[in-house]
Structure formats: C-alpha cells, structure tokens
Amino acid sequence: MSHAPRRRSRIDVPERPVLDGLEDKWAARWRADGIYTFDRSADRAEVFSIDTPPPTVSGALHVGHVFSYTHTDTVARFQRMRGRSVFYPMGWDDNGVPTERRVENHFGVRCDASLPYVEHLDLPDEPPKDRGDYVAVSRVNFIELCERLTAEDEQAFEDLFVHLGLSVDWSTMYSTIGQRARLIAQKAFLADLARGDVYSADAPSMWDVTFQMAVSQAELEDRDRPGAYHDLVFPLTDGSAIAPEGSAPAPGGGPALMVSTTRPELVVSCVALVAHPDDERYRSLFGTTVRTPVFGVEVPVLAHRLADPTKGTGAAMICTFGDITDVTWWRELDLPARAVIGRDGRFAADPPEWLDDEAARTAYARIAHKAAGGARHVMVDMLRESGNLIGDPKPVTHPVKFYEKGDKPLEIVQSRQWYIRNGGRDDLVRDDLVRRGEDIAWHPPYMQTRFTDWVNGLNGDWLVSRQRYFGVPIPVWHRLDDEGLPVPDDVLVPEADRLPVDPAIDRPTGFDESQRGRPGGFVGDPDVMDTWATSSLTPQIACGWGVDDDLFARTFPMDMRPQGHDIIRTWLFSTMVRSRSEFGAVPWRHAALSGWILDPDRKKMSKSRGNVVTPMGLLDTYGSDGVRYWAAQGRPGTDTAFDEKEMKVGRRLAIKLLNASKFALGFGGDPDGAVHEPLDSAMLADLAALVDDATAAFEGFDYARALERTEAFFWWFCDDYLELVKLRAYGDGPAATSATNALARALSTLQRLFAPFLPFSTEEVWSWWMEGSIHLAAWPDAVTLREAAGSWNPFVMSVASDVLRELRRAKSEAKRNMKAPIDLATVVDEQERREALARIAHDVRDAGRVNELDIVDGDSFSVTVTFAEAVDDHRTARP
RNA sequence: GGGCGCAUAGCUCAGCUGGCUAGAGCAACUGGUUUACAUCCAGUAGGUCGGGGGUUCGAGUCCCUCUGCGCCCACCA
C-alpha cells in the first residue's frame, strides 16, 4: 500500500550526484526492506495480480527479455503507487525440450530410460563434438543434470532481473518443474480426466523424428523446402477400362491413372487414389481399382471433396500418412492403415504384411531401414526402372511442416497419446472460447483477432503427452492384462493427497512393486506433459490453487497477463482453455501483448538467428534506468528496433533528474506550501494536466505514452520554467517562497511520475529529502495540484516560453552568451497575451537578462531586441 | 489463398475521438558556456505525412483503391 510523501527532517544532497552504483545500492535496500513484498492482508479488490511470463531456462536472457519485462514492471510500479497491493511473482519455465537440449549439449549426454541410475556420474570434461558420441545416462541421472544446470541459469536470470530493477516479489518464485508446479499440473490433469476433458487415443499425429515425440498443432511451423513433383502412373486393374484424359499409359501400354506426388517414397503406404466427385476425368473410375507401382498392391479409386482438381493431375495418392489431408481421407473414407515409417523416422526393417508378392518384398528391402530422404532416391530409381515414373521430377519449393524447435520435417505416426479437449473437435466449446475473448481487455485491441482466428482454425484437440524426460509425468498407471499388455482405458490414478507422483517410481495403491510390468500388474505411463500443459496453469501455480486457498482467493482471476504476441496460440490460448474447464472463467482481466526486438536490420532478434545482444553490458554502460528508458518507449504490441542511442538518451535523462533535483532542492521549498505567483500557478496547472494524462495512459497500459508526456514536460520544466524562476527563487520574500514551493511541489510530482521508468535514479533523488521508498509513495494527484495552483492565467506559460525563445534566438544569432544583457526588448502581441505577459514581466526580464521590457499593442507576435553594448539591433519575429 | 498490422524529416518515432503556420529525440550545421548539469545550453536547416481517388467548410487523421514491408493463419497431393 502506498502512502503520502513524508519529508525528512533535513535535506541531504550529495555534492556531485552520479548514477553509477545506484543499482546495487538500491536493489539491496529494496530486498532488505521488503519493498515489493506482496501484502497478503489486502482484499481482492485492492490487489493487482500479474501472471508473469516464466522465461524459458535454456541459456541466457537477451535484450528482448529486458524489453518486455520492463513494460510489465512499469505497470506494476504504477499500480503499486496507486495503492494496489501488487502480486508480482516470478517463475522459471525449466521443464521441456529446450532445457533437455541445452543439458544434452552442455554435458554431452543423452537420456536412455532403460539404463539404471548411477550414484556418482562420471562425465567427460569436454562434451564430445558429435552428438552420436554423447554419453547415455539414466532418466534419473538426466533429470538431476537438468536440475543442476537450471539452478545455475535461474540464479543468473534472477541476478539480471534484480539488476534491471524489476519490482518482483522474489519470495513468490516458482519453477515449472518444481514441486508445486508438478502437484498442480497433475491435479489439473486428473480433474480434467475425471470430467472427461482429458482422454487418450490411438491415432495418427504429427511426430518429430529427432526428438522422437508427438507434437501439437500449436507447435507446428511451415518452412519452405525444395521438393519435386513426380508423375506416377497406376495401371487400372480392369485393362479394358478407359484411362482418364491426360494420363500416360502404364508400362506395357495398358490404361493407367496418373498422379503427381512430392513423396514417391510413400507409394508402399498408398491405400487409395482420390479425386473430386465432380471431376469428369475420374468420375467413371470411382469404385474401380488400380495397382500401385512397383509393389502391385490393389487400391481403390475414390471420390472426396477435399481433392483439388486444379492440383497436379487432379488425382492424388492417399498414403498413411504423408500429410494431414491423408489423415482426413483415411478417417472419412474408412481406409486401412498401412504405415511403414517408425518413430525414428525410418522405414520399417521387415516388409509389411500387405506385400504378399515376392518381387514386392524384394523391392521393399531396398528402402527398408532408410530415412525418408534416402528412401526417396531409391524409390525414384525403382519407379524409373519399372517405367511408372513419367518424365523427370519437376522441382518445386513447397511448405513443409516442422516442429518449431526441430530441424527435420515432421512425419505422421500412429501412437497412443493423451489429449485435452480445447474446442478443436467441438463447435460449442470453440464458440464459447471465442466469446470469452470478449471478457478480456486486449492491449492493443487488435490482438484479440489473433486469438479468435486461432481458435476458429483449430483442427483437433490438444495433444499433451510427450515422449520426453524432464517434464511433469502423466500421473497415471495402466493395468496390465494376463499377457502383460496395457488394458486400454483402464487407468489407475493416484489419490489427491499423494500428488505429485512419478509413475515410474511410485506405484498405484493396492499394488506391490513386484507387480510392475508383470501380467496382471501395472505399468507407469512413460510420458511427460507438454511444456504448455504446465505453462497453461501459471495462474493456478502462482496463485496457489489448492495449496494456498487464502492466497488464491486474493489473487485469482488475475489482473494482467503480459506476454509476446507470438505465443497467443500457445500460452495465452492454453491458459484460457484450462481456466475455462476448471473455473468456467477467464484467467485474467487484461492481456498485454508486447512486440519483438528487431535488430538494426529489422529482423527479429532470436537465439536461432544468432543476432541477440546480451543485456548485462548494456546495463553497465547506460545504467539500468537508461536501458529501461529505451524499453519503455516501445509501444504495447509494437516491434521495436534495438537502439543504443535511445539508451544513451535515457541515461542522460536520469542524470538530468539527479541534477535538476539537486538544484531545485537547494532552494529548500515546501512541497505542500502555498503558491501565488502567476507563473508558478500556471506551471502547476500544466503539471496537473500532465498527471491526468500520464494516469489515463497507464490505466490503459500505455506506459510509453505516460513516459513520453512526462519526459516532454520535464525538459520544458528544466529549460524554461527553471530558468524563468531561478533568480526569483534566489531572492527573499513572498515571491521567492512561491517559486521555491512550486519547485518543490513540481519536483515531488515529477520524481514520482518517473519512478515506474527510472526506479533507481528516482529512488536516489527521493531519498535526499523524503522518508521511505518512492516506490511506495502515492501516485501524484491532479486534484491536489489544481488546488495548489489556484486560479491561473492560461496564456501566461505559453507567452513566457515564446518570448524567452525569441530572446534566446536573438542572442544566438548575434553569437552572444545566453547571459548577455539586453538593454531593451519590445514585444508586440495581442491583448490577452499582452496582459498575461505584463503579469510575469519580472520573470521574463530575469531569465533574459532584459533591462527594459516594452509591451506594445499589435496583431501578430514579434520581439525586437537591443543589446546593451549595441553592435547592431536585432529583430526577430515569427512570420 | 485468408486475416492483422505498418508506411510522417537522413534515422527512431509522437500526432488520442478530423480543426490554429505537421512535432520530438538522435544525426547534421552554427554558436555559447567561471557557480544544477559539457553526462550542458541556445539556435539553424531538413517533410508534396507511400501513390491515386472520395467524404467534408476543413484530412497526416475518416472511406475506397493501388503499391511496398512485416507478422499470423491455411488441407502445401
């Protein structure tokens, strides 16, 4: 809870204030004093809770993190100063594939779940160059290595964030592999299972052959890859039938149907040919059969609306499975599954049983064991030899599906996997999720479209099981039948008070360890959850769902979800799904989407591009406040170029704040004292308008606008207002008191307006004259400022600045010192502005060192200047 | 193929619901500077607001269209 500023008994300003060292000094103090500790006594209405993105722990943070986390921090600091008890936790996303990859490469190991645990693992000093030479270690050893490395990384992350000045409550830290996250992820999984929102199914799914695991729709990305169309002819089994127009004859001259394919190696998996029902070329052949090239398997010719008459020959080969359309065709046309590609991405070693012909089995032997690419070469040779390949392959570049973190094309492999219902197969759920997008305020608003489009484009439920190791285990066991095989749909679940469990180590209630893997016994589910399955629960984990009900009641639903716009389809969407199924509510009120950092060539900065800039050096060079200034200029949702020049500007601003504060405090004014001089009143009135503007901007999560306005006012305040009043402030009497009080009040206000952006330098200057941390001081109040301003003349401030500018111009053009005395300045202006000028003439004369100021009636503004030691008169005017 | 966003000074960007001669910072240039600040100050120059239509008394701002760039999505045989 913030409080009204309280002045210290004496002002203590350093002789020569500097920025250096402020980060360490104040970060230590904030931690010692618990400045950012969440106040658990606050009611929900007084709380502002933030669903902080847990950064992926797989290496180092980069400037992109500094950028977006600063945005959130400015909002957190604003809300805290406004009086909210801010719940600002930090999490580490340390489970999942990126962490495993990093651990493998860091230690030179790979996990082999069949190996036994080794007490004191002997690792090579240097990891082997070739991944093939990595040391195989047991699952438990591997997890230990993951925990060891992530602990180091997380400490480094924390150090950086502390140095950056994030006002995170570090006592509320969690990690997605930690005890609490495992417990909550398993509890949510079992709750979904009990409701029927989780199920397992044996079905084709996208499969990464490198990681040897299933992946979900949200993790796919298209990449353009070179390929080639191969025109293949399939002889008609009815030799008297009429071949479709345009098709080349079969080898030997019989009628044939020609298809064009980019994956000729899948001919062995062909289960049918398909064409559009209205396609005249193929209409007479529907229901007939053809023989596959080389293998001679008889397959039907079928009709389906998804066949595109304009692609290739209009007829397509259905293979199990070449792409997602194959899966649709396979399912809707009720075709057999003839899969040959295994989990390692290679063709099965033994000839499949549907090849009954000896020649076919011999042909298959030539592609057995091969990966897709190798098999393709061999297959093309065989097709050419057999005469089924017509002409040469025609090269094309076409999009191919990849796992976003993988580097080999995905295959489609049939396997039993766990799914969470997300609306992908249920229109009612889907529509409901889209509607719930309305319950969230999106910043910027157009980001909602991304969400809506994604939900509407779902083509299946969310596949959450992963065949990996460092993740939250799927918390179930499978009952084994008399032959030792898992009984489908007979899962054994742990009691709630046993969570979290590791089914590979723990056993289901009522079973003995000796029954593990035995007929009539049980076996633990070997899989872990998708990293998004735990990340989708960050509100539940952070707020303590089921483990800290009091905290949960005070913080959930949360106020703000900050995140990058690129993970709307994963993190944001999946969090919505879990919150909907468990609570029937949206998890937060606001979604604040941040943009990306672009390198100077306007490319996204990312580790894979190798163009990242590490932040520590920048924080040292420009100060954390300088770097934060640059970050805070990035508008919500807008990509921003990495720009060190702006950091330099930010550093200058922070230094200016130190110096201006030192100067203004030197006058010893009272920030609560009265003001009566026209210029002082007008300045405070303008300041009140600034407070309104900055407050409204922050309430709309537009921190960048708040900063821009505050900064513009501040420079004007230093360059014009301070110059106009400083001679008066040096004097005595009521006019001087008005100036010093106005300066003190403005300073107190400006320091607080800057506090969310420049937490270190504002804290420093605040400490010179105020009790307690500025970050717990109340946000400035425009109403009080207006009361203090009293009545003011709206022309005073602008006419003062205008005249001052003209006096400076005259001096500059005469190449004189800004302090050069002016003998006579004649100002021509309209009536209202003349009257205003007359009231502040003493301040303008002081600031311009003007001996005599004449104010003359006229239509347009102009200023004529005569210097004391007249070289020549100087007249300036605006046209 | 569908959708979203962007296009304003050499560079990075403001310009909110249309309204006074289009702004800032940086860079450039010209000067100044013994007491808050050289981590400074003042000034100068620089723009047909991507092109073309339209609505309006009035358009950088609203509508249409075209162009370029970026991103997201798509069943890519």
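All values derive from a computational prediction rather than experimental measurement. Below, read A as the first sequence line, B as the second, and so on, with proteins coming before strands; counting in each chain starts at 1.
- Partners of Ser761(A) under the side-chain hydrogen bond (donor to acceptor under 3.5 Å, both in side chains) rule, at least two apart in sequence or in another chain, are Asp625(A).
- Comparing the same atom, P, in G46(B) and in U65(B) gives a spacing of 37 Å after rounding to whole Å.
- Rounded to a whole Å, the CZ atom of Phe663(A) is 10 Å from the C1' atom of C37(B).
- Taking a pair to require two hydrogen-bonding distances under 3.5 Å in either a Watson-Crick or a G-U wobble arrangement, C13(B) pairs with G23(B).
- Across all strands shown, Arg569(A) has heavy atoms under 4.0 Å from sugar-phosphate atoms exclusively, and none from any base.
- Protein atom NZ of Lys811(A) is 15 Å distant from nucleotide atom P of G32(B), rounded to whole Å.
- Within 4.0 Å of Thr328(A), counting heavy atoms only, lies no atom of the nucleic acid at all.
- Among the atoms of the strands shown, base atoms are found under 4.0 Å from some heavy atom of Cys718(A).
- Considering only side-chain atoms of Lys311(A), the nucleotide from C76(B), U44(B), U12(B) that sits closest is C76(B).
- The nucleotide C49(B) finds no pairing partner, because no Watson-Crick or G-U wobble arrangement with both distances shorter than 3.5 Å includes it.
- Within a 6.0 Å sphere centred on CZ of Arg425(A), other residues, nucleotides and ligands contribute 12 heavy atoms or fewer.
- Comparing C41(B), U44(B), C76(B) against the side chain of Asp719(A) picks out C41(B) as the nearest.
- Counting non-hydrogen atoms under 4.0 angstrom, Glu723(A) reaches a base of the nucleic acid.
- When side chains are defined from C-beta on, Asp326(A) counts as touching Trp329(A), because their heavy atoms get closer than 4.5 Å.
- Nucleotides G31(B) and U21(B) are separated by 34 Å at their P atoms, to the nearest Å.
- Using a 4.0 Å heavy-atom distance criterion, Trp329(A) is classed as a base contact.
- The side chain of Lys815(A) lies closest to U30(B) when the candidates are U30(B), C75(B), C16(B).
- To the nearest whole angstrom, the two C1' atoms, one in C49(B) and one in A7(B), are 10 Å apart.
- For C26(B), the OP1/OP2 oxygens have no side-chain nitrogen or oxygen of Tyr629(A) closer than 4.0 Å.
- Within 4.0 Å of Tyr730(A), counting heavy atoms only, lie sugar-phosphate atoms of the nucleic acid but no base atom.
- The CZ atom of Phe67(A) sits 10 Å away from the P atom of C13(B) (whole-angstrom rounding).
- In a base pair of the Watson-Crick type (N1 to N3 plus N6-O4 or O6-N4) or a G-U wobble (N1-O2 and O6-N3), with each distance short of 3.5 Å, C71(B) is matched with G3(B).
- With both ends at atom P, the span from G5(B) to C64(B) equals 12 Å, rounded to whole Å.
- Counting only heavy atoms from C-beta on, Ser812(A) has its side chain closest to A42(B) among C72(B), G15(B), A42(B).
- Among residues at least two apart or in separate chains, side chain to side chain donor-acceptor pair (under 3.5 Å) pairs with a member in residues 648-668 of chain A are Ser661(A)-Gln751(A).
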Applying side chain to side chain donor-acceptor pair (under 3.5 Å), run through Ser801(A) and Trp716(A) and close with a yes or a no.
CA-CA 9 Å; Ser801(A) 287; Trp716(A) 169 84; 3.1 Å; yes

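- Rounded to whole Å, atom C1' of G31(B) lies 8 Å from atom CE of Met818(A).
- Using a 4.5 Å cut-off on side-chain heavy atoms (C-beta onward), Gln563(A) and Ile568(A) make contact.
- C62(B) and G70(B): their C1' atoms are spaced 25 Å apart (whole Å).
- Rounded to whole Å, the separation between the P atoms of U44(B) and G3(B) comes to 49 Å.
- As rounded to the nearest Å, G10(B) and C29(B) have C1' atoms that lie 14 Å from one another.
- Looking at residues two or more places apart in sequence or on another chain, you find a salt bridge (Lys or Arg N to Asp or Glu O under 4.0 Å) between Glu699(A) and Arg82(A).
- The phosphate of A74(B) (OP1 or OP2) has a side-chain N or O of Gln217(A) nearer than 4.0 angstrom.
- Within the shown strands, G32(B) is the pairing partner of C40(B) under the Watson-Crick or G-U definition, both distances less than 3.5 Å.
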Quick test: give all pairs of protein nitrogen or oxygen and nucleotides 3-10 of chain B nitrogen or oxygen below 3.5 Å, distance rounded to 0.1 Å.
residue, atom, partner, partner atom, Å
G3(B), O2', Asp453(A), OD2, 3.2

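- Of the candidates U12(B), C72(B), G43(B), the closest approach to any side-chain atom of Arg805(A) belongs to G43(B).
- The nearest whole Å value for the distance from the CD1 atom in Ile597(A) to the C1' atom in G70(B) is 15 Å.
- Partners of Tyr403(A) according to the ring pair (Phe, Tyr, Trp, His ring centres under 6.0 Å) rule, which considers only residues two or more places apart in sequence or in another chain, are Phe211(A).
- When heavy atoms are screened at a 4.0 angstrom cut-off, Asp308(A) is found touching base atoms of the nucleic acid.
- Here G43(B) presents its C1' atom at 11 Å from CD of Glu806(A), a figure rounded to the nearest Å.
- Counting to the nearest Å, the C1' atom of C37(B) and the NZ atom of Lys662(A) are 8 Å from each other.
- A distance below 6.0 Å separates the ring centres of Trp630(A) and Phe67(A).
- The residue Arg263(A) sits apart from the nucleic acid: no heavy atom pair falls under 4.0 Å.
- Residues Lys726(A) and Val18(A) each lie close to RNA chain B; by heavy-atom proximity, the contact nearer the 5' end of the strand is made by Lys726(A).
- One can place CD of Glu15(A) at 13 Å from C1' of C37(B), the figure rounded to the nearest angstrom.
- Across the C1' atoms, G60(B) and A14(B) are found 12 Å apart, a figure rounded to whole Å.
- Under the 4.5 Å side-chain criterion, counting only non-hydrogen atoms from C-beta, Arg569(A) is not in contact with Arg450(A).
- Proximity of Lys656(A) to the phosphate of C41(B): a side-chain N or O atom is located under 4.0 Å from OP1 or OP2.
- Taking a pair to require two hydrogen-bonding distances under 3.5 Å in either a Watson-Crick or a G-U wobble arrangement, G58(B) remains unpaired.
- Here Glu708(A) pairs with nothing under the side-chain hydrogen bond (donor to acceptor under 3.5 Å, both in side chains) rule; sequence neighbours left out.
- Position along RNA chain B of the nearest nucleotide to Arg709(A) versus Lys819(A) favours Arg709(A) as the more 5'-ward residue.
- The nucleotide whose nearest atom lies closest to any side-chain atom of Thr325(A) is, among C75(B), G43(B), C37(B), C75(B).
- Picking from A74(B), C75(B), C40(B) the nucleotide with the shortest atom distance to the side chain of Arg652(A) gives C40(B).
- Among the atoms of the strands shown, base atoms are found under 4.0 Å from some heavy atom of Arg16(A).
- Contacts of Ala307(A) with the nucleic acid, taken as non-hydrogen atoms under 4.0 Å apart, include base atoms.
- Base contact: Lys401(A) has a heavy atom under 4.0 Å from a base atom.
- By the 4.5 Å heavy-atom criterion applied to side chains, Leu657(A) and Phe714(A) are counted as neighbours.
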